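Contents: one structure, followed by commentary.
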Amino acid sequence: MGETFSRAIQWSSDADQLENSPLNNDILTEILLFTEDFDDRYPKEARILFREPLQWKTSLEAADFTSDIYDTRGEAAVSLECDDNRSPLLQLSPPDITVHSFYHLSNLLQLSKDKTMKEIRACLEGDTLIVHAFIAILLLLVNELYFCSVCVFLPREGRLSPEAVNTEVDLLKRFCGTGENRALKSVSYTSDYVFSNGCRSPPWRQMDGEICSLIIETCDTEPTLFITCSTSGVFFDERINGEGGVNYYMRKSELYKDIMTLLKNMSPHFAVAANEQGFFYNVLLCMDSSHFYPEKILWESTSPSVCLKDIKLWASLNINMSNRCICVCIHSKSPGGAGDFSESSSEDEEDEEQPERRAEIPTDLPSEYWQIQKLVKYLKGANQTATVIVLCALRDFNLVQETCQLAIRDVGGLEVLINLLDTDDIRCKIGSLKILKEISCNSQIRQTIADLGGLQTMVSILDSPDKELKGLAAETIANVAKFRRARRTVRQHGGIKRLVELLDCVPNGVSMSAEQERDVEVARCGALALWSCSKSTRNKESIRRAGGIPLLARLLKSSQKNMLIPVVGTLQECASEKSYRIAIQTEGMIEDLVKNLSCDNQELQMHCASAIFKCAEDKHTRDLVRQYEGLKPLVMLLNEAENKQLLAATTGAIWKCSISLENVAKFQEYKALEILVGLLKDQPEEVLVNVVGALAECAQISENLATIRKSGGIQPLVNLLTGTNQALLGNVTRAVGACATDPENMVIIDRLDGVRLLWSLLKNPNPEVQANAAWAICPCIENTKDAGEMVRSFVGGLELIVNLLKSQNKDVLASVCAAIAKIAKDVENLAVITDHGVVPMLANLTNTGDDKLRRYLAEAIACCCKWGSNCVSFGEAGAVAPLVHYLRSKDPSVHQATARALFELSKDPNNCITMHENGVVKLLLIMIGSTDEILQEAAASCVANIRRLALANDKAKYG
């Protein structure tokens, strides 16, 4: 199929360029839409690397790669994500570009803006083999999804559905057995695999309407019947025994409307059993809005005709069963009696589908349920005036109640309401949207509206000149777009741009006209819809491209809280993207966010604090919050402990703002630490994560360590080390490690067994927790009196920390090296870790280019050289030469640690020779002139050892 699709693409005469034809444009558009959404729809598959990367000549430049997942270097750009060989998964060297996965291909197209179609064309034109490979990948991943989507059978009059066939087969299986009174011997499917659309036939047969194949053994026909069920009907075939084999069949009978009708015609025994012998009253109702199969009734009574009149009466009710197949059991009160079905049934009972359906729907439903269903039934056949009246009557019900919402759905009212949106009558559209807006708060109804194509219609209504209609459509979209597929639908049908256009109004005015007030209301509805849509990463980018940021900034100046809530809500959702965080700074929105922290609406305060929480990752934003005096309102909001959402947002904002030491000083002034310590108990984890994070940042100032201790914060922090929340553990380990730098705090931590808990977290699978635990262990060892004995008391602890040198995470490696440097200060512990193979493991890490790891690795090597022959072993393991190159680093801390390590290593003559060969003397002479005394001494001592070796060699040589 991939070859067929590839051949469909039209090439120029010289076969090196795609023709600009309608067919090519359609194919390219399909590829573009699929690829752009690939990361959203298949996040795991998008990360899988291509066997061979895609390469082509691009028109993109490094400046186009504005996402924070890419690093621009002059005219080139590379992805921060690399493969196992540390090669970037996207690499731009103009005009060439290389892409290794759908994730980066999808992001590239998103960043291409108006060049997307050009890039897709260039990719396919770059190499004709790419066409086949690219399409093959697409078909491989969407094969089942594609076939399932194109083979969904919508029950229509006279047509079968997979649900109807499955229900009928289940019923027929009840007639199978071994007794004399059985109607059939067996009924089975030819395939056990069921596709997501309910079909069992292979996809290429589903394209022709086929649903499944059956093997039925009757009591009086030979050979076995092979039956095919399709949307158009049921027929007997020679699929298995025919000349074409399994993949071929030939229809050998006329078309029947269901399996039971076919069996009655093919098997006289079954016909007699079905009509005369006593079977349970199983009434199979396969309905849509206008069709019913009265023949699908198996009677226990000898006089089934008594009930046919009533059954046909139900069939005439035009009841929409929402395309569902219902199996209803009807119990006879007397043989052939007319009491089986009462002709005096009310319309409420008619809408109930059957009296015995009460097994599915509770019998205590309120009267509103049945009244709504009756109104919807009238709505289906009403004229314009009656339609408006019925819509008004429906609005009189409490549509916020789930019972009322489901009453509309169960009777097929959603289809009618959505169809009304396509009419030319404004009143009908407005009435329908007002109802849809109310009931779309229900998650099931949201899904159904999306399935019925309601979102596409609502998006088109956004172009309407009627402002009330546009506002209602936007507000309904806001309710429906709560799940990914709905948000994607809005974007793909141009809804984002239209919604952004609704924001264009003047939010504040001394005296607004009625027209301006309507504009503001429409803008509010548009902001609500964008808020819902902004939970999608691609929609955030679409809002930015459509010019939404300046309009949101203007609306943020509004004094109306019902306007501000969706505007700030949208901003705080979008603030997860770097481009938005920069825009929020440059557009001057931080001042407005800070101002609204002091308003009297807690929901608005929560969204403002949440936006600051996300934006305060940037130092300039933290400075702006302090400049606009936003720190004090944040501290005051800590007193609103009852509102957990507000508390989580506030503590998050304080956490991020406290990264700046200037802000920490302000928090000290406002007594924030005491309040934060009080929040360490009886709070949800999302609050605790932020509180502990804030305390960890504040603990960087030594004065605050005593405050945390005096406020009783050490014990609850240590207690949190036993939790399971990874984000919380990451922050708690940082906080405990910071507190451990104070000797008095360390006494409490040791008494509470905090060091053992930290050591146990080295086994945590999360690299961040491992690294923070190792960092926290360093001050614990340093500030404990008998640290060596304490470390040895942890059974298996030294082996555990040495084995972490096998980690692939650089932060874990750096923290473990730092911890090993502290551990190695105790001779007995150094001997133990040497036995566990610490020397070769450290030597294997020396080729790293990460300065942070280089520093702590050099420290660990310097400390480990002090035991036995470790100094010689490092030389034999090849650790010396790479260390010499560390002296070329631009980080002064790397220089000091490296000079100390080289000094220790220079105590072995062979290591001195290696150092000299790698040009260490020249580098060390520069270090001797440093203002760092430790670096001076280490560099000078190393040069002295090398010089002594040279003098000894000269003396031995010349005497």
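Every value quoted in this text rests on a predicted model; they were computed, and no experiment measured them. Residue numbers count from 1 along this sequence.
Side-chain atoms of Arg491 and Asn539 include a donor-acceptor pair closer than 3.5 Å. No side-chain donor from either of Glu573 and Ser534 sits under 3.5 Å from a side-chain acceptor of the other. Between Glu254 and Asn265, the side chains place no donor N or O within less than 3.5 Å of an acceptor N or O (distance only, hydrogens not considered). Side chains of Asp258 and Thr261: a donor on one and an acceptor on the other come within 3.5 Å. For the residue pair Glu217 and Ser186, a side-chain donor N or O sits within less than 3.5 Å of a side-chain acceptor on the partner.
Ring centroid separation for the pair Phe50 and Phe102 comes in under the 6.0 Å cut-off.
The shortest side-chain heavy-atom distance between Val234 and Ile227 falls under the 4.5 Å cut-off. Looking at heavy atoms from C-beta onward, His269 lies out of side-chain contact with Thr218 at the 4.5 angstrom threshold. Ser532 has its side chain within reach of Lys482: a pair of non-hydrogen atoms, C-beta onward, lies under 4.5 Å apart. Between Leu406 and Gln444, the closest side-chain pair of non-hydrogen atoms falls below 4.5 Å. Residues Arg47 and Glu81 have side chains in contact (heavy-atom distance under 4.5 Å, counting atoms from C-beta outward). Residues Val187 and Ile215 form no side-chain contact, since every pair of their non-hydrogen atoms from C-beta on lies 4.5 Å or further apart. Considering only heavy atoms from C-beta on, Phe195 comes within 4.5 Å of Pro203 through its side chain. The shortest distance between side-chain heavy atoms of Tyr193 and Arg200 does not fall below 4.5 Å.
Counting only distance, with no hydrogens or angles, the side chain of Ser432 and the backbone of Leu417 share a donor-acceptor pair below 3.5 Å. Side chain of Gln206 to main chain of Ser201: a donor-acceptor pair is present (N/O by atom type, distance under 3.5 Å, no hydrogens or angles). Counting only distance, with no hydrogens or angles, the side chain of Asn766 and the backbone of Gln726 share no donor-acceptor pair below 3.5 Å. Asn197 contributes a side-chain N or O that, together with a main-chain N or O of Cys199, makes up a donor-acceptor pair within less than 3.5 Å. Put simply, the side chain of Glu168 gets close to the backbone of Met260: a donor and an acceptor are under 3.5 Å apart. Side-chain atoms of Thr167 come within 3.5 Å of backbone N or O of Glu163 as a donor-acceptor pair. Between the side chain of Ser230 and the backbone N or O of Glu210, no donor-acceptor pair lies under 3.5 Å. For Ser267 (side chain) and Lys264 (main-chain N/O), no donor-acceptor pair under 3.5 Å exists by modelled atom type.
Here Glu415 contributes atom CD and Leu452 contributes atom CG; the two are 5.0 Å apart, rounded to the nearest 0.5 Å.
Between Tyr369 and the choices Asp410, Ile408, Val411, the side-chain contact (heavy atoms from CB on, under 4.5 Å) rule is met once, by Asp410. No option in Ile449, Val480, Asn479 other than Ile449 meets the side-chain contact (heavy atoms from CB on, under 4.5 Å) test with Leu436.
When all heavy atoms of Ile211 and Ser161 are compared, the pair lying nearest together is CD1-C, 3.9 Å. Closest non-hydrogen pair, Pro88 versus His100, comes out as O-CD2, 3.7 Å. Contact record, Ala481 with Ala486: CA-CB, 3.8 Å, taken as the closest heavy-atom pair. Smallest separation of non-hydrogen atoms from Val165 and Cys229: CG1-SG, 4.0 Å. Closest approach of Cys123 to Leu54, counting heavy atoms only: SG-CD1, 4.3 Å. Considering all non-hydrogen atoms of both residues, Phe483 and Gln447 come closest at CE1-OE1, 3.8 Å.
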When you look at Asp451 and Arg485, which way does the salt bridge (Lys or Arg N to Asp or Glu O under 4.0 Å) test go after all the steps?
CA-CA 10 Å; Asp451 292 340; Arg485 180 165 56 88; 2.9 Å; yes
List the steps and the verdict of side-chain contact (heavy atoms from CB on, under 4.5 Å) for Leu214 and Leu225.
CA-CA 8 Å; Leu214 300 169; Leu225 299 179; over 6 Å; no
Step-by-step side-chain contact (heavy atoms from CB on, under 4.5 Å) determination, Ile477 to Leu455:
CA-CA 7 Å; Ile477 290 172; Leu455 279 170; 4.2 Å; yes
Would Leu105 and Leu90 count as a side-chain contact (heavy atoms from CB on, under 4.5 Å) if you check the C-alpha gap in whole Å, the side-chain angles of each, and the deciding distance to 0.1 Å?
CA-CA 8 Å; Leu105 183 61; Leu90 181 144; over 6 Å; no
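Heavy atoms of other residues, nucleotides or ligands lying less than 6.0 angstrom from CG of Asp192 number 12 at most.
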